[in-house]
Amino acid sequence: IILSVKPQSFEAVAADVADAVTADHLFISIMAGKSTARIAAALNASAAVRVVRVMPNLPIRVGAGMAGICKGAAANQEDVADVRAIFNAGGGSVVLDDESLMDVVTAVSGSGPAYFYYFVEAMIEGGKACGLSEADALELARFTCLGAGRMMVETGEPPAELRARVTSKGGTTHAALESMRRAGVDQAIRDAVLAAFQRGRELGE
């Protein structure tokens, strides 16, 4: 049973189904912030409920998703394998032993596509400011980003090394990166991830 509801609505949903929950059920939660222990207790306070928590992301729709997976106390490794098979069908996954890190998964990969799209929007606006049409700027930006991401995945090289390959001292890329550094773009991105992390924690309280 996949729990795909807003975290704020979970208690009401759990109350509706709690009487029907048995040890045969495996619950897969994709709710941000809700721990496996809280989910299990809400579903059946007197029984060990099998819960596996997952944080997928939007690109699962095109077979390029990434999910973080963590099992609750009553779930077993076979449950984890079954859940991983489901989500790997839409991309990839990582299994975490420490459930507290699931809020970090939410902040990095769960929310991450939105950061990326925001960055692409800014690239398009920059292209338009330099004279490109919106359609041409979009085409250049999205396939540039697709190629960069694909190269990072397929080569396995660290992003810092790939960035260095594109950057010549005193060149155009160097000028762009220096502008980003002066504007504090790197710190802003780190702060954004931390803000998402903190919000995930709040949702679980």
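Atoms considered below: every heavy atom in the structure, side chains included; atoms not considered: hydrogens, waters and symmetry mates.
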Check [X] against [Y] and note the closest heavy-atom contact, atom names and distance.
X: Ala18; Y: Asn44; value: O-ND2, 4.5 Å
X: Thr22; Y: His25; value: N-ND1, 2.9 Å
X: Cys145; Y: Met123; value: SG-SD, 3.9 Å
X: Phe10; Y: Ala42; value: CE2-CB, 3.5 Å

Those residues that, when tested against [X], pass side chain to side chain contact (heavy atoms under 4.5 Å, CB included) (two or more places apart):
X: Glu134; value: Ile124, Lys128
X: Leu146; value: Phe143
X: Ser100; value: Asp98, Arg201
X: Thr144; value: none

Between Glu11 and Arg38, does at least one N-O distance fall below 4.0 Å, as a salt bridge requires?
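Looking at Arg38 together with Glu11, the answer is yes, because their closest N to O distance falls below 4.0 Å.
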In the single-linkage hydrophobic clustering (I, L, V, M, F, W, Y; side-chain heavy atoms under 4.5 Å), do [X] and [Y] co-cluster?
X: Ile69; Y: Ile2; result: yes
X: Met31; Y: Leu43; result: yes
X: Val95; Y: Phe87; result: yes
X: Val80; Y: Leu26; result: yes
X: Val83; Y: Val94; result: no

Running the 4.5 Å side-chain criterion over Ile, Leu, Val, Met, Phe, Trp and Tyr, what cluster does Met152 land in, apart from itself?
Met151, Leu162
Leu140: hydrophobic cluster co-members (side-chain, 4.5 Å):
Leu132
Indicate every side-chain donor-acceptor pair of residues 48-68 with a distance under 3.5 Å to a residue at least two apart or in another chain.
residue: Arg50; atom: NE; partner: Asp79; partner atom: OD2; Å: 3.1
residue: Arg50; atom: NH1; partner: Ala23; partner atom: O; Å: 3.0
residue: Arg50; atom: NH1; partner: Asp24; partner atom: O; Å: 3.4
residue: Arg50; atom: NH2; partner: Asp79; partner atom: OD1; Å: 2.7
residue: Arg53; atom: NE; partner: Lys34; partner atom: O; Å: 3.3
residue: Arg53; atom: NH1; partner: Glu99; partner atom: OE2; Å: 3.1
residue: Arg53; atom: NH2; partner: Asp103; partner atom: OD1; Å: 3.4
residue: Asn57; atom: OD1; partner: Met66; partner atom: N; Å: 3.0
residue: Asn57; atom: ND2; partner: Ser109; partner atom: O; Å: 3.1

Under 3.5 Å, sequence neighbours excluded: what are the donor-acceptor pairs made by side chains of residues 184-198?
residue: Gln187; atom: OE1; partner: Arg190; partner atom: NH2; Å: 2.8
residue: Gln187; atom: NE2; partner: Asp191; partner atom: OD1; Å: 2.8

When you measure from the side chain of Arg84 to the backbone of Ser93, do you find a donor-acceptor pair of N or O atoms at a distance under 3.5 Å?
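Yes; at least one donor-acceptor contact below 3.5 Å.
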Say you draw a straight line from CD of Glu121 to CG of Leu138; how long is it, rounded to the nearest 0.5 Å?
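Separation between the atoms: 10.5 Å.
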To the nearest 0.5 Å, atom CZ of Phe116 lies from atom CZ of Phe119 at 8.5 Å
Side chain to side chain contact (heavy atoms under 4.5 Å, CB included), that's the test. Do Val153 and Arg150 meet it? Break it down for me.
CA-CA 5 Å; Val153 170; Arg150 186 170 173 178; 5.8 Å; no
Sequence-distant partners of [X], salt bridge (Lys or Arg N to Asp or Glu O under 4.0 Å), two or more places apart:
X: Arg165; value: Glu157
X: Glu161; value: none
X: Arg199; value: Glu202

Given Arg163 and Leu177, is the side chain to side chain contact (heavy atoms under 4.5 Å, CB included) satisfied, shown in steps?
CA-CA 10 Å; Arg163 173 172 53 81; Leu177 292 174; 3.9 Å; yes
Show the numbers, then the answer: is there a side chain to side chain contact (heavy atoms under 4.5 Å, CB included) between Asp82 and Ile28?
CA-CA 10 Å; Asp82 289 343; Ile28 303 170; over 6 Å; no
Look at atom CG of Asp16 and say whether more than 12 heavy atoms of other residues, nucleotides or ligands are closer to it than 6.0 Å.
yes
Considering only residues two or more places apart or on different chains, which pairs with a residue in residues 167-181 satisfy side chain to side chain donor-acceptor pair (under 3.5 Å)?
Glu178-Arg181
